[in-house]
Amino acid sequence: MARERLAFVVSNAISGRMTSIAIKALYWILVLGVALIPFIYFLRTTRFGSNPKATIEMSLTGTAYRPFAYRVLVPMTANFLSPILQRRAALRLGIEAETIVGERFFRAGMNGRLYPREVWLILIIMYLSLAGFAITMWLFVKELGYSLQIRYIAPPFLMLGATIFFRYGYLYDFTLMFLFSLSLLLMLRAQWLAYLAVFSLGTLNKETTIFLYLVFAVYFFRRMPRGRFILLSVMQLGIYALIQGTIRFVFRNNPGNTMEYHFYDQIAYSKELAAIHPGLLIYWAAAMANIAILVVHNWDNKPEFLRAALWIAPFFLALFFLLGYPTEVRDLVEVYPVVAILMFPPPTIAPNGSPYPKMYSA
């Protein structure tokens with residue numbers, strides 16, 4: 001009788017575990033399917049690869065204008081891996097894909113006729129970056145102590161929400177979103193070797209990784225032994241200076257400037273919008289106010305790490321108004337996960353009064 005009861009318990013446990021695995025597998029299949037929505041939207045609507053200063057061909061051949069030439073990770077990876085694909089098969093598959101993303105998009109818009117293997121690898125990197133972003137958000141909200149319901153909601157919600165940032169688009173945008181978010185997760189976990197590796201990749205992808213150091217400084221200055229804080233500070237700043245210094249030296253003769261300034265374009269656009277579509281300005285102001293209210297609501301119970309990370313928001317806003325084209329809100333995508341998660345209700349407070357399941361220990 002005891003043996004039968006034990007067998008029954010074990011059978012139920014195995015059955016329950018298999019059911020749990022099946023549910024999780026179905027969930028992640030759904031998430032990967034949802035990732036196709038912002039991915040295809042991005043390809044169809046952002047005029048991806050059409051900027052005459054940074055076409056796909058120019059990015060792959062290192063002839064893009066500065067500062068676009070500095071974003072080398074994705075084109076460098078595509079060039080390096082291109083021998084693994086067969087050129088004719090890649091071109092044929094690209095032509096078939098045009099039925100989804102638009103006529104002649106692959107061949108003309110992305111220079112796929114000349115670089116079919118590289119273009120496919122760029123597309124694969126972009127999609128995998130979206131999937132990586134979803135996984136990172138699952139782990140991030142879990143690490144922050146949010147409920148299981150929020151963990152299931154966050155990945156698809158944040159992927160779909162990201163579409164508002166991409167009226168314009170570049171080949172490094174999804175990789176930027178993924179690597180910046182993954183760096184925040186690794187920083188929160190204090191997994192420093194992994195963090196420095198991802199920080200390095202992120203710096204090859206776009207120069208805005210320097211703002212990760214601001215998050216590190218704000219959050220860990222009083223939470224870490226001074227010697228370790230100084231060492232990690234030197235390592236981050238040294239890696240950034242070495243990578244960005246090398247990139248800028250290599251592309252010093254490319255046309256363009258170190259930065260593009262569009263502040264006066266922003267002023268002109270705002271005046272035009274106020275004169276022609278004042279209702280749109282009111283709509284955006286109301287939307288921003290609602291976001292701010294959700295972010296600050298129950299502020300003291302929101303995760304301290306997210307509150308520290310929010311310090312980067314005013315800097316990205318300043319960069320958007322100084323350097324970004326009007327309506328080019330993709331310049332704010334790095335801060336997007338922080339703001340979006342802060343809009344959720346706060347996580348369960350731990351017994352020690354901290355909203356984190358784990359605190360940093362030396």
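We count residues from 1, following the sequence as given.
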Visitor: Mind checking the CG-CG spacing from L184 to L212? Nearest 0.5 Å is all I need.
Guide: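 Taking CG in L184 and CG in L212, the distance rounds to 5.5 Å.
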Visitor: Is it possible for you to say whether L128 and L204 belong to one hydrophobic cluster, with membership spreading through side-chain heavy-atom contacts below 4.5 Å?
Guide: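 No, because L128 and L204 fall into different hydrophobic clusters, even though each may have its own neighbours under 4.5 Å.
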Visitor: Looking only at heavy atoms, which two atoms of L179 and V198 are closest? And how far apart?
Guide: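 Looking at all heavy atoms of both residues, the closest pair is O-CG1, 3.6 Å.
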Visitor: Is I239 linked to F249 within one hydrophobic cluster, defined over Ile, Leu, Val, Met, Phe, Trp and Tyr using a side-chain heavy-atom separation of less than 4.5 Å?
Guide: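 No: no chain of side-chain contacts under 4.5 Å links I239 to F249.
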Visitor: To the nearest 0.5 Å, what is the distance between CG (L93) and CH2 (W120)?
Guide: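 It is 4.0 Å, given to the nearest 0.5 Å.
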Visitor: Judged by atom type as modelled, is there a donor-acceptor pair below 3.5 Å linking the side chain of N301 to the main-chain atoms of P346?
Guide: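 Judged by distance alone, no pair lies under 3.5 Å.
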Visitor: So, taking the atom named CD1 in I124 and the one named OG in S129, what distance separates them when rounded to the nearest 0.5 Å?
Guide: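 Result: 11.5 Å between the selected atoms.
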Visitor: Looking at H297, is its backbone amide N or carbonyl O close enough to the side chain of K302 to form a donor-acceptor pair, meaning the two atoms are under 3.5 Å apart?
Guide: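 Indeed, once roles are kept as given, a pair shorter than 3.5 Å links the two residues.
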Visitor: Could you tell me how the ring of F199 sits relative to the ring of Y240: parallel (under 30°), tilted (30 to 60°) or perpendicular (over 60°)?
Guide: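 Answer is tilted, since the angle falls between 30° and 60°.
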Visitor: Please determine whether residues Y41 and F165 belong to a single hydrophobic cluster, defined as Ile, Leu, Val, Met, Phe, Trp and Tyr linked transitively by side-chain heavy-atom distances below 4.5 Å.
Guide: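 No: no chain of side-chain contacts under 4.5 Å links Y41 to F165.
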Visitor: Could you walk me through whether V250 and V72 pass the side chain to side chain contact (heavy atoms under 4.5 Å, CB included) test, one step at a time?
Guide: CA-CA 11 Å; V250 169; V72 299; over 6 Å; no
Visitor: For the residue pair Y27 and Y152, categorise the inter-ring angle as parallel (less than 30°), tilted (30 to 60°) or perpendicular (more than 60°).
Guide: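 Perpendicular: the ring planes of Y27 and Y152 meet at over 60°.
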Visitor: Do the non-hydrogen side-chain atoms of S50 and T55 ever get within less than 4.5 Å of each other?
Guide: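 S50 vs T55: side chains apart.
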Visitor: Of L176, D173, T208, I164, which is the lone residue that meets side chain to side chain contact (heavy atoms under 4.5 Å, CB included) with V333?
Guide: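 Among the candidates, only L176 passes.
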Visitor: Is the closest side-chain heavy-atom distance between R66 and P255 below 4.5 Å?
Guide: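 Sidechains of P255 and R66: no contact.
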Visitor: Mark yes when over 12 heavy atoms from residues, nucleotides or ligands other than F315 sit less than 6.0 Å from its CZ; otherwise mark no.
Guide: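 Open: at most 12 neighbouring heavy atoms sit under 6.0 Å from CZ of F315.
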Visitor: Quick one: does any side-chain atom of N254 pair with a main-chain N or O of A64 as donor and acceptor, under 3.5 Å?
Guide: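 Yes; at least one donor-acceptor contact below 3.5 Å.
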Visitor: Is a side-chain N or O of R92 found less than 3.5 angstrom from the main chain of A89, in a donor-acceptor match?
Guide: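 No; zero donor-acceptor contacts below 3.5 Å.
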Visitor: Can you tell me how far the CE atom of M110 sits from the OG atom of S59, to the nearest 0.5 Å?
Guide: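 The distance works out to 10.0 Å.
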Visitor: For the residue pair R88 and Q86, what are the closest heavy atoms and their distance?
Guide: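 In terms of heavy atoms, the two residues are closest at N-OE1, 3.1 Å.
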Visitor: Report yes or no: is the cationic atom of R222 (NZ for Lys, CZ for Arg) under 6.0 Å from the centre of the six-membered ring of F220, at an angle within 45° of the ring normal?
Guide: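 No - R222 does not lie over the ring of F220 by the 6.0 Å and 45° rule.
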Visitor: What distance separates L160 CG from T163 OG1, expressed to the nearest 0.5 Å?
Guide: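 The CG atom of L160 sits 6.5 Å away from the OG1 atom of T163.
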Visitor: In terms of hydrophobic clustering (I, L, V, M, F, W, Y; side-chain heavy atoms under 4.5 Å; direct or indirect links), are L182 and L193 co-clustered?
Guide: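 As far as the 4.5 Å side-chain criterion goes, L193 and L182 are not connected within one cluster.
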Visitor: Please give me the minimum heavy-atom distance between M58 and Y65, naming the atom from each residue.
Guide: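 That would be CE-CD1, 3.7 Å.
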Visitor: Do R248 and Y70 form a cation-pi contact, if we require the NZ or CZ to be under 6.0 Å from the six-membered ring centre and within 45 degrees of the ring's axis?
Guide: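 Yes - R248 lies over the ring of Y70, closer than 6.0 Å to its centre and within 45° of its axis.
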Visitor: Between E143 (side chain only) and L139 (backbone N and O only), is there a donor and an acceptor less than 3.5 Å apart?
Guide: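 Checked: no pair found.
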Visitor: If you take all heavy atoms of L60 and A78, which pair is closest and at what distance?
Guide: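 Where L60 meets A78 most closely, the heavy atoms are CD2-CB, 4.2 Å.
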Visitor: Is it true that F68 and F251 have ring centroids separated by less than 6.0 Å?
Guide: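 No, too far apart.
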Visitor: Taking the side chain as C-beta and beyond, is there a heavy-atom pair between E207 and R71 under 4.5 Å?
Guide: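 A side-chain contact exists here, since the closest heavy-atom pair is under 4.5 Å.
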Visitor: Less than 4.5 Å apart, any side-chain heavy atom of P38 and any of L130?
Guide: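 Sidechains of L130 and P38: in contact.
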Visitor: Using 0.5 Å steps for rounding, measure from the CZ atom of F178 to the CE atom of M126.
Guide: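 It comes to 14.5 Å.
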Visitor: Could you check if a side-chain atom of L310 sits within less than 4.5 angstrom of a side-chain atom of V295, using non-hydrogen atoms only?
Guide: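 With C-beta onward as the side chain, the pair touches.
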Visitor: Would you indicate whether the side-chain heavy atoms of R151 and F140 approach each other to under 4.5 Å?
Guide: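 The answer is no, as the side chains (C-beta and beyond) never meet within the 4.5 Å cut-off.
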Visitor: Does the side chain of L26 reach to within under 4.5 Å of the side chain of L30, using non-hydrogen atoms?
Guide: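 No - every pair of side-chain heavy atoms lies 4.5 Å or more apart.
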Visitor: Just say parallel, tilted or perpendicular for the rings of Y213 and F216, cut-offs at 30° and 60°.
Guide: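 Tilted: the ring planes of Y213 and F216 meet at 30° to 60°.
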Visitor: Cluster question for you: counting only ILVMFWY and a side-chain heavy-atom cut-off of under 4.5 Å, with indirect links fine, are M288 and L294 together?
Guide: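 M288 and L294: one cluster.
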Visitor: At their closest point, which heavy atom of L214 faces which heavy atom of W311, and how far apart are they?
Guide: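 Smallest heavy-atom distance, with atoms named: CD2-O, 4.0 Å.
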Visitor: Could you check M224 against L232 for side chain to side chain contact (heavy atoms under 4.5 Å, CB included), going step by step and ending with a plain yes or no?
Guide: CA-CA 10 Å; M224 183 179 287; L232 286 168; 3.8 Å; yes
Visitor: With heavy-atom distances below 4.5 Å as the criterion, would you say the side chains of I341 and F344 are in contact?
Guide: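 The answer is yes, as the side chains (C-beta and beyond) meet within the 4.5 Å cut-off.
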Visitor: With distance as the sole test, does N205 use its side chain to make a donor-acceptor pair with the main-chain N or O of L201 at under 3.5 Å?
Guide: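 Side chain of N205 to backbone of L201: no pair is present.
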Visitor: Are S181 and T136 close enough that a side-chain donor and a side-chain acceptor fall under 3.5 Å?
Guide: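 The criterion, which ignores hydrogens and geometry beyond distance, is not satisfied for T136 and S181.
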Visitor: State, to 0.1 Å, how close A340 and L158 come at their nearest heavy-atom pair, and which atoms those are.
Guide: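 Heavy atoms of A340 and L158 come nearest at CB-CD2, 3.1 Å.
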Visitor: May I ask you to decide if the ring planes of W138 and W28 are parallel, tilted or perpendicular, using 30° and 60° as cut-offs?
Guide: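 Taking W28 first and then W138, their aromatic rings stand perpendicular (interplane angle over 60°).
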Visitor: Below 30° counts as parallel, above 60° as perpendicular, anything between as tilted: where do the rings of F166 and F42 land?
Guide: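 Geometry flag for F42 against F166: perpendicular rings.
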Visitor: Applying side chain to side chain contact (heavy atoms under 4.5 Å, CB included), run through I84 and R117 and close with a yes or a no.
Guide: CA-CA 9 Å; I84 68 176; R117 298 177 299 178; over 6 Å; no
Visitor: Given the rule in the side chain to side chain contact (heavy atoms under 4.5 Å, CB included) test, do L319 and F211 qualify, once you have shown the distances and angles that lead to the verdict?
Guide: CA-CA 12 Å; L319 289 177; F211 291 105; 3.6 Å; yes
